[in-house]
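First the structure, in the form of structure tokens, and then the observations on it.
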Amino acid sequence: QVQFVESGGGLVQPGGSLRLSCSASGFIFSASSMAWYRQAPGRQREVVAIITNTDVTHVVESVRGRFSISRDNANNTVVLQMDSLKPDDTAVYFCNQMPFGDYWGQGTQVTVSS
């Protein structure tokens, strides 16, 4: 069964940093492109960052220069490093394959507020 377990969220002041981690299982992780998604209150879930199975990365314009994505195939883990956080980054963050599948984890809450 496909599973994702996200961790690392929390409350941080504007300008602060967080490091999110996602542990994945139930599929061939090393062969899969992975992504971080987020969903803010009242908004649709959106992709934030992508990393392919060949380590090519892409981040959306709103977080470019502030967020980075990486993966560890030995541990089936994908990480989102978030720096210079802004209140607009407040959301629940999820990881999933890219394109996403039917299964989602619980996500991890990120709140950026002073």
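These numbers were taken from a predicted model, which means no experiment stands behind them.
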**OP:** Heavy atoms only: give me the nearest N73-R71 pair and the separation to one decimal.
**Re:** OD1-NE, 2.9 Å

Original post:
Which pair of non-hydrogen atoms, one from S32 and one from Q97, has the smallest distance, and what is that distance?
Top reply: OG-NE2, 3.4 Å

Subject >> Reported SG-to-CH2 distance for the pair C22 and W36, which is rounded to 0.5 angstrom >> reply: 5.0 Å

Subject >> Exam field: side chain Q1 to backbone G26, donor-acceptor pair closer than 3.5 Å >> reply: no

Original post:
If you draw a 6.0 Å radius around CZ in F27, do more than 12 non-hydrogen atoms from other residues or ligands fall strictly inside?
Top reply: yes

Original post:
Roughly how far, to the nearest 0.5 Å, is the CD1 atom of I50 from the OG1 atom of T57?
Top reply: 9.5 Å

Original post:
Near R64 CZ, under 6.0 Å, is it more than 12 heavy atoms from other residues, nucleotides or ligands?
Top reply: yes

Original post:
Of D88, D83, D89, which meets salt bridge (Lys or Arg N to Asp or Glu O under 4.0 Å) against R66?
Top reply: D89

Original post:
Judged by atom type as modelled, is there a donor-acceptor pair below 3.5 Å linking the side chain of N96 to the main-chain atoms of Y37?
Top reply: no

Original post:
Is the backbone of T90 close enough, under 3.5 Å, to the side chain of R38 for a donor and an acceptor to pair up by distance?
Top reply: no

Subject >> Exercise: identify the closest heavy-atom pair between T77 and S21 >> reply: CG2-OG, 3.3 Å

**OP:** Determine whether more than 12 heavy atoms belonging to other residues, nucleotides or ligands lie under 6.0 Å from atom CD of Q109.
**Re:** yes

Original post:
Which distance, rounded to the nearest 0.5 Å, do you find between the OG of S68 and the CD1 of I51?
Top reply: 9.5 Å

Original post:
Taking C-beta and beyond as the side chain, do L18 and L85 meet within less than 4.5 Å on heavy atoms?
Top reply: yes

Original post:
Could you give the distance from CG (D55) to CD1 (I69), rounded to the nearest 0.5 Å?
Top reply: 10.0 Å

**OP:** Quick one: pull up OH in Y93 and CZ in F67 and give me the separation to the nearest 0.5 Å.
**Re:** 4.0 Å

**OP:** Heavy atoms only: give me the nearest P14-S114 pair and the separation to one decimal.
**Re:** CD-N, 3.7 Å

**OP:** Answer yes or no: is there a side-chain heavy-atom contact under 4.5 Å between M82 and L20?
**Re:** yes

Subject >> Main-chain N/O of S33 paired to T52 side chain as donor or acceptor, under 3.5 Å >> reply: no

Original post:
Do V5 and W104 sit in the same hydrophobic cluster, where Ile, Leu, Val, Met, Phe, Trp and Tyr count as joined when their side-chain heavy atoms come under 4.5 Å apart?
Top reply: no

**OP:** Evaluate the criterion side chain to side chain donor-acceptor pair (under 3.5 Å) for residue pair S113 and T111; output intermediate values, then yes/no.
**Re:** CA-CA 6 Å; S113 175; T111 302; over 6 Å; no

Subject >> 4.5 Å side-chain heavy-atom contact, V79 and D72 >> reply: no

Subject >> Row check, F94 ring normal vs R45 NZ/CZ: under 6.0 Å, within 45° >> reply: yes

Original post:
Are L11 and V110 connected in the hydrophobic side-chain network, where two residues link if heavy atoms are under 4.5 Å apart?
Top reply: no

**OP:** Search all heavy atoms of L80 against all heavy atoms of A49 and return the closest pair with its distance.
**Re:** CD1-CB, 4.0 Å

